[in-house]
Each structure stands twice: as structure tokens, then as C-alpha cells.
Enquirer: 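Quick one: structure below, then a few questions.
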Amino acid sequence: MARMSYRDAIRETTAEELRRDDSVYLIGEDVGRWGNLFGASAGLLEEFGPERICDSPISEAAMTGCAIGSALYGMRPIAEIMYIDFITIAMDQMINHGVKYHQLSNGQVRVPVVFRTQGGVGMRNSSQHSQSLENWFVNVPGLIVAMPSTPADLCGLLRSAVRSDNPVLLIEHKSLYFTRGEVPEGDYTIPFGVADIKRAGEDVTIIATSWMVLQALAAARTLADEGISCEVIDPRTLWPLDKQALIDSVKRTKHCVVVTEAPAEGGWSGEAASVVHEHCFAELRKPVRRVCGMRTGIPYGTELEKAVVPDASWIGDAARELLA
Amino acid sequence: MSDNEQLMELYTQLLVLRHFDEFCYDLKMKDLIMNGFHPYSGQEAVAVGVCSLLREDDAVFSTHRPQGHSIAKGSSTRAVFCEMLGRRGGVSQGIGGPMQWIDKPHNFFCGSIVGSGLPIAAGVALAFKRQARDSVAVCFFGDGASNTGAFHEGMNLAAIWKLPALYICENNQYGEAMPVQEFVPVSRISQRATSYGLNGVSVDGMDVEAVMNATADALEQLRAGQGPVFIEMVTYRFRGHYGGDPEHTYRSREEIAVWRNRDPLTLARTRLLARGYSEETLDDLEASVRAEIEEDMEWALEQPFPTVEQATDHVMIPLGQD
């Protein structure tokens, strides 16, 4: 076990995969000279050279299409979209092309691309650099959507993503880069579709994703002092979804809160809540509660950007109401 | 091969594409081909001239009007008929339809989002370059594509990284129903390539030998690792944007007649006659090509439609096997 930051887990895992397999390369805006905005690829240009750490022009359609095209012919690109907000420029290449080619080729073509990006609040970047857009992608048949919340999960999911022949969207969170945790040594991978119980509990199940997992854990600590025992579950991949883990937990606790930074309407939080309602209707004491970001553009400023997305107090209030 | 034999071979391919397209048009009018069929009739010299010089390991990316490119790249007419008809046995097993299929053994891809192929072709070219292969990625697109972001993004990337990508703009004079001079402010689309440091050239896309000569020069540069090439092929589609479109709303019969006088098949045939082939030989050739294609069509019409199970197959590689 090594203790490291989420940011360093990205860099270490990327470097290990680049060393392991010559066909892996990283492409993105300022992944080389800058070593990524957060330092998540610092030093890799020096070790691997510009052919494998490719600084791309600010040109998301080009970079994404390039990654897809090269993946058709033996390369295993990691395409970094600097902010998830920029992914709108790349979506035609991803959704209409990269994700469809396996089916259109009757299974003859594989597209082993990892789309790495980051979303959410935390850098006071306002409405076009802070969104949580994961919901759009969960609705795309053929695309795996991963949202690791810890350095260990990042490491295991990123490694699985690089080695998968399916296209994978891996969404990091800008407020997680400098959080720290233990990362298992060695060739650590996490299969897609396996949730993790981040905290075991008896009274209420809190299903949370990405940075919201940390908020849920903070809420659970506060609630524990009040005698409420929370189970915090992180699905880790939004699709495929580990339905059984959610169902097993809620059947025990009989109460459920779903937390996402993205707005609730039309989103994955509704999918998770539906799975629970469909399978745990008899056990539930009350309907599932959703705690989600407000339906607004993310405003500018330290206080305001945090005020429109859930925190531990929102989650705590929801759990208390369920158990009241 | 002598020049005469070569032209005879090109002419045969032109006939294949023309008759294939005309049979497809009839099938569309009978609603046996459903939606999405975009006739290629009139533009055949481009597909034939370019693809006649490609190797099997070269990759081709095409458009919503892909049938000519695909057959010229080596796809069987039976498989393409089946795809048009949505039948099992199609290049994408009847799932993709007339605008999007993949023929991996022939390294052929296409898709119906205008302009989107340029970045992907750049990526294929990047893989070829990294692997030190001398294969090239060829990307066909239309005049309309030259206004999309992906066109400029893709060409820029290929240019800055000197990738072996051959960009073929088939200027057929219309983006759907809109005349090209209304949506492109320069007289030649190849002028756009110069802003990426490329020698954009414009070629008579109705003349199969001119297309082939320009392609030969391009391939020499590409295989020598000297970066991408852009060629505008000036051509015309004889039929509507899609099979059965209201053509009269955007172009006149007179205009069509002027272009039909420059039919690429007639041009090639006239040249063959001048080089000593007889009318009878060429008529017999055409009759035998047509008969063969008709037979392929009849075969395709006998093939089954995919089942729902087949239609939901291969959405992704099953987890654990990926």
C-alpha cells in the first residue's frame, strides 16, 4: 500500500500502463509540457517522449477523432478532455462514431479508447468549466461510464479502462485531485460494474458518486454522533451499474438517499432510485430521497458554486427526514 | 498493363458503380431500400480513379453516399446490396443501412454525419505513421463538409503532424439542396487547404484518368511520409441528394443536361472508342456487367432480414471478455 493523492494515482497508473504496453499513448491539451492542469501527467513527456505524450491543439473534435481512428488500428489511446464542459465539441466523434463502430462492424472492430475528463465545482470556474455532465453519457448504449472517488478506485478503474477493448469514459473531479488515500501496490484493477461499500451501516443507505461520496461520508460521521448508522455505497461505474449491491443494502436498511452533484431531472439519480423502488418496494419504509445539484448553471465564486450543489448538511437533513 | 487495358479496367468499374446505383434507385422507388439512400450516379470517376490505386491495407473513410467508394475499395456488390436492403449478408449485416457500415476486411468505414470522417482518418493515419507502415488513410467528403468544424480540426491535425491522410473533397455542387456558391465564399474549395499549408489542387472529377493521375501523385507524397494531401474533385450528382428528392426546387433540367454531357462513363467510352475498341465490344461489356449486377441484386433480395436478437448483438464487447 502506498499513500498518495488522487492526482498522483492518475500519473502513476498512466505511467505504468505506458511502460507495460507500447500501444498506449496519451493525447490532450497540455498533457505534455504542462503535464496536465493539475500535474496529473507531470514528467511523463520526459520519460516517454512526444509521440506517446501528445500535446494536442485546442481542438477536441480532432483529438477525439484522432484517438478513435488510431484505436481502430492497434493503438490504445487515453484521450484527455481538459474539462468535461469541452466534451460537447467531441461528442459527435465519441457518440456517433467511436461507440458505434463495434456494432456497425458486426463485432469485427474494437475501439479501445479511454476518454478521461474531469467535472464538478471546486475551482471557482463558473458555468462553462464546472458542470457535472455524466448523465448524458449513461444513456449511450455501448459506453462505460466510470466516476472514481478515491485514489485507489481511480487507479483500479483507470487500469481496467486502458486494458478494456470497449470505449470508456472516466470522469474525475477537480475537487478530488488533492485528496489522499491508500493505493494497493502491484497490478491492481477494478472490474466495471462493481460497487464499493465505503462505510457499512444499518439505518439508511446513501448512494453517492464522485466527490459526493466524500460529502456522504462526512454526513455519515455527523449522523453517527446522533445515533444514525449510515451505509455509504459508491457504484464507481454509473454504467454498468451494480444493481445488486444497491438492492442488498437497501433491503437491510429500508431507507435510501441518492446523491449526485448533477441536477436530478432526467439523470442517473433517477435510474438508481428506480432500481431501488423496483426491487425493494416491499422493504422501503419511505420513498427514496434524492439529493442533487440545483437546476442552474454553476455560478461564479467560492461560496456560490458550493451553495448550489449538495454537501454533508443537505445529505444529513435528507437522512434525518427519512428516519423521522 | 497498357494504358488501354488500364482504361478498360477503369471503365468496367465505372459501369459496375453506375448500374449498381441505378438498380438501387429503382429499389428505393419500390420502397425495398428504405430511407437513407443517396445516389452516387455521376460521381463514379472519383471513387474509381482514387480507389484503383489503393492497396487493401489502405483505409478509406466515406460519407452518407458510400456505395461507390465501398465497391471500388473491394466490397462485394452482393454485400452492399444486402446492406442497402437491410438484409443479413450486408457489409454490416443489415444493421447499418445505406449510410453507415464497416467492411473491415477491406478497411472501409463510412458514416452519415457530414465532415466527421476527417479527424478519424487523421487518427488512422497517426496509427500507420507510429507503426512505420506506408499505408494511407483516405477520407472522402463533400463540399458541404468543408464548412464543418471537424473538417478544419481534422485537416489541421493531419497537417501539423504530417500524417499520411489523403483528403478527397467531392464537390458535387450541392449541399443537399443548397448550391455550393451560396455556402462557400471561395471559388475553389481547394483554396481552403492552403490555410493548412497544403497545396490544395482541383481536378476534373468527371475524368477518371485525371482523377487517377492526381491520386498517383498524392500517394507518392503520402507514402514517402511528406504529410497530407488535399484534392478537390469537381463533379456532379446526376440524381437528387437522396433517392426521390424534389430536385426541381433547386436546379433546372438544363443544368443537369449540361453536366450529363460530361458523364464520366461517356468520357471514358469515347476515349476507348478513339483508342480502337469497337462499339460492339463496349456494348457487350456493359450488358454483361449489368446482368451480373442484376443477378447480385436478385440474390440480395432473397436474403433474410436480421432478427431483433441480431439487431441488439455487439452493442459492446461483453464485460469480462473485453
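Chain letters run A, B, ... following the sequence lines, proteins first and then strands; every chain starts at 1.
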Enquirer: What heavy-atom pair brings A:Q93 and B:S116 nearest, and what distance separates the two atoms?
Expert: NE2-O, 3.2 Å
Enquirer: Name the region of B:Q100, side chain, backbone, both or neither, that has any atom closer than 4.5 Å to a heavy atom of chain A.
Expert: both
Enquirer: Less than 4.5 Å apart, any side-chain heavy atom of A:S105 and any of B:F109?
Expert: no
Enquirer: For A:S70 and B:L126, which heavy atoms make the closest approach, and how far apart are they?
Expert: CB-CD2, 4.3 Å
Enquirer: Report the option among A:R110, A:E60, A:R52 that has the most heavy-atom pairs separated by less than 4.5 Å from atoms of chain B.
Expert: A:R110
Enquirer: Nearest 0.5 angstrom please: A:S56 OG to B:L157 CG, how far?
Expert: 6.0 Å
Enquirer: Heavy-atom count around B:Q191 CD within 6.0 Å, excluding the residue itself: above 12?
Expert: yes
Enquirer: Under a 3.5 Å distance rule, please check whether A:Q108 uses its side chain to pair with a backbone N or O of B:D103 as donor and acceptor.
Expert: no
Enquirer: Which atom pair, heavy atoms only, marks the closest approach of A:I27 to B:W161?
Expert: CD1-CH2, 3.8 Å
Enquirer: Report the option among A:V111, A:N106, A:D165, A:L143 that has the most heavy-atom pairs separated by less than 4.5 Å from atoms of chain B.
Expert: A:N106
Enquirer: With a 4.5 angstrom heavy-atom cut-off, which part of B:L118 approaches chain A: side chain, backbone, both or neither?
Expert: neither
Enquirer: Where does the angle between the aromatic ring planes of A:Y73 and B:F128 fall among parallel (under 30°), tilted (30 to 60°) and perpendicular (over 60°)?
Expert: perpendicular
Enquirer: For chain A, which candidate among B:K104, B:K129, B:H152 shows the most heavy-atom pairs at distances under 4.5 Å?
Expert: B:K104
Enquirer: How long is the straight-line distance from CG of B:D322 back to OG of A:S164, given to the nearest 0.5 Å?
Expert: 3.5 Å
Enquirer: What part of B:A158 lies closer than 4.5 angstrom to a heavy atom of chain A: side chain, backbone, both or neither?
Expert: neither
Enquirer: Is there a donor-acceptor pair closer than 3.5 Å between any side-chain N or O of A:N166 and the backbone N or O of B:I317?
Expert: yes
Enquirer: Non-hydrogen atoms of chain A under 4.5 Å away: do they reach the side chain of B:Q321, the backbone, both or neither?
Expert: backbone
Enquirer: Counting N and O atoms only, with roles assigned by atom type, does the side chain of B:E153 sit under 3.5 Å from a partner on the main chain of A:A62, one being a donor and the other an acceptor?
Expert: yes
